Amino acid sequence: MSPLHPETRAVHVPIPEPDGSRPLGVPLYQGHLFGFDSADAMAEAFEGPDGAFFYNRLGNPTTRSLEDAVAGLEGGAGALAFGSGMGAISAVLLGLLRSGDHVVAQNALYGGTHSVLHDLTERWNVDVTYISGDDPAEAKAALRPNTKVMYLETLANPTSQVSDLPELFAITRSAGVVGVVDNTFASPVLCRPIEHGADIVVHSVTKYLSGHGDVLGGVAVFADAALHRTIWSYASELGASADPFAAWLTLRGLQTLPLRMARHCANAELLTARLASHPAVSRVRYPALPGDPSHELARTLLPDGCGGVFAFDLAGGREAGARFVGAIQLAALAPSLGAVKTLVLHPASTSHRQLSAEELAAAGIGAATVRVAAGIEHPEDLWTDFAQALDAA
Ligand SMILES: *Cc1c(COP(=O)(O)O)cnc(C)c1O
């Protein structure tokens with residue numbers, strides 16, 4: 001058969017078939033322990049991520065179905081599921097790096113990832129050079145003989161700046177540097193970084209992959225089996241493993257990922273187009289919009305859409321931003337993204353309130369910036385809510 005489309009892959013996930021039965025849904029194996037026929041068989045199970053199951057921290061049939069499903073969607077050789085996105089990111093960075101190594105990382109990173117890198121510098125003597133993510137010459141100049149990892153995000157938060165994955169991973173490939181990318185904001189429906197040269201793709205499963213706001217989870221996908229094995233081995237020490245029930249809920253959500261992503265994108269496209277021509281709005285950042293700084297890159301890297309997250313600035317400044325999120329009624333004032341409900345956030349008065357104006361600007365956040373994570377509601381209901389909140393702001 002010709003290669004399957006994401007819509008088909010998301011539904012036809014690999015399912016274990018115990019005792020020759022053929023379950024059409026993935027069974028939930030919640031028990032944490034498995035027995036063996038012989039000492040040799042048990043010893044073999046300790047060898048790697050593809051061995052027999054024996055203890056949930058190192059592998060589980062339900063979790064393995066999720067790992068195989070996400071590896072299939074991303075086009076990887078294998079994957080590991082974790083208890084959170086930060087579990088996946090920590091396992092990858094701590095499993096790859098040692099004291100004296102150097103990392104090249106994008107400026108605008110998820111806050112938790114930033115903290116891990118900061119800690120690695122302060123406590124473990126790992127140097128980090130920060131780059132913009134869309135300038136190959138800058139990335140190449142940042143490499144040193146001891147550079148081990150380049151760490152990027154497909155779409156940065158909250159500017160939705162697109163990273164130039166093909167150019168940057170061409171650089172890491174030729175330099176023998178491991179290319180890692182957080183693909184949470186795009187999902188494998190919109191971008192498959194391994195096709196663009198990534199070695200490892202990480203996700204917060206908490207967001208689009210599970211999709212319904214009821215799971216905390218993470219996953220790391222590996223382009224080759226050797227990296228899969230290295231990180232599996234470290235992950236079993238770290239212990240941030242996925243719970244089988246969370247994996248099972250994620251598999252349920254994953255089946256509608258392509259449908260949900262199409263709606264998240266369509267809703268963000270409609271809202272950004274209307275906000276861009278609204279007199280109370282001074283700027284909109286969404287790569288699908290013509291004129292956005294990342295628009296050209298998005299056309300080649302994210303041809304099917306740029307996801308549900310975008311940002312806009314209110315002409316009325318910081319107070320208008322706070323008034324807007326206070327006046328919103330249908331959408332919820334909350335951080336995070338990727339669930340079915342629309343969320344809004346005014347970073348300057350909440351998540352980033354401790355930053356000075358200069359620090360805000362460096363993170364690409366204005367005092368009047370509102371971040372939106374579009375859900376899958378009817379877009380006209382969302383616009384009615386946004387329009388009344390714009391009037392109130
Ligand atoms: C939420 C998020 C994370 C962290 O994931 P958790 O599941 O909350 O641990 C990492 N990266 C990105 C881009 C995220 O949005």
Side-chain angles (χ1 to χ4, degrees), residues 63 66-67 70 74 79-94 105-120 133 149 151-163 165 180-191 193 198 200-221 235 238-243 245-247 249-250 253-254 257 260-261 264 268 287 294 302 306-311 334-339 341-345 347 350-352 363-365 371-375:
T63 304
L66 173 63
E67 292 166 341
V70 180
E74 287 282 6
L80 293 171
F82 292 87
S84 68
M86 284 316 302
I89 291 164
S90 298
V92 165
L93 288 174
L94 298 172
Q106 196 174 314
N107 273 325
L109 288 177
Y110 179 73
T113 310
H114 222 282
S115 302
V116 172
L117 289 173
H118 181 77
D119 241 38
L120 279 165
V149 169
Y151 191 99
L152 307 170
E153 294 187 0
T154 313
L155 286 162
N157 178 32
T159 57
S160 298
Q161 177 195 294
V162 179
S163 280
L165 303 183
V180 183
V181 57
D182 184 330
N183 197 35
T184 299
F185 276 45
S187 92
V189 174
L190 301 178
C191 182
I200 303 179
V201 181
V202 294
H203 281 279
S204 171
V205 158
T206 314
K207 316 293 169 49
Y208 289 119
L209 296 190
S210 68
H212 295 75
D214 49 13
V215 167
L216 191 71
V219 70
V221 185
L238 188 67
S241 323
D243 177 72
F245 183 53
L249 280 173
T250 302
L254 198 65
L257 177 68
R260 288 185 284 107
M261 288 315 293
H264 286 296
S294 288
L302 300 147
C306 295
V309 178
F310 63 87
S336 198
L337 69 138
K341 287 180 183 155
T342 297
L343 308 174
V344 297
L345 183 70
T350 55
S351 56
H352 292 67
I365 302 166
R371 193 193 79 164
V372 179

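As the structure is a prediction and not an experimental result, all values here were calculated from the model. All ligand and atom numbering here is 1-based and tracks the order in the structure.
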What closest approach, in Å, do R371 and N157 show between heavy atoms, and which atom pair accounts for it? NH1-OD1, 3.0 Å

Side chain proximity check, F82 to V202, heavy atoms < 4.5 angstrom: no

Taking the side chain as every heavy atom from C-beta outward, state whether Y151 and V92 have any pair of such atoms under 4.5 Å apart. no

Minimal heavy-atom distance between G87 and L238, with the atoms involved, is O-CD2, 4.0 Å

Not counting sequence neighbours, which residues clear side-chain hydrogen bond (donor to acceptor under 3.5 Å, both in side chains) with S187? List them please. none

Do T342 side-chain atoms and G375 backbone N/O form a donor-acceptor pair below 3.5 Å? yes

Expected rows: ligand 1 N/O, protein N/O, dist below 3.5 Å:
from: ligand 1; atom 1: 5 (O); to: S204; atom 2: OG; distance (Å): 3.0
from: ligand 1; atom 1: 7 (O); to: G85; atom 2: N; distance (Å): 2.8
from: ligand 1; atom 1: 7 (O); to: S204; atom 2: OG; distance (Å): 2.8
from: ligand 1; atom 1: 7 (O); to: T206; atom 2: OG1; distance (Å): 2.6
from: ligand 1; atom 1: 9 (O); to: G85; atom 2: N; distance (Å): 3.0
from: ligand 1; atom 1: 9 (O); to: M86; atom 2: N; distance (Å): 2.8
from: ligand 1; atom 1: 11 (N); to: D182; atom 2: OD2; distance (Å): 2.6
from: ligand 1; atom 1: 15 (O); to: K207; atom 2: NZ; distance (Å): 2.7

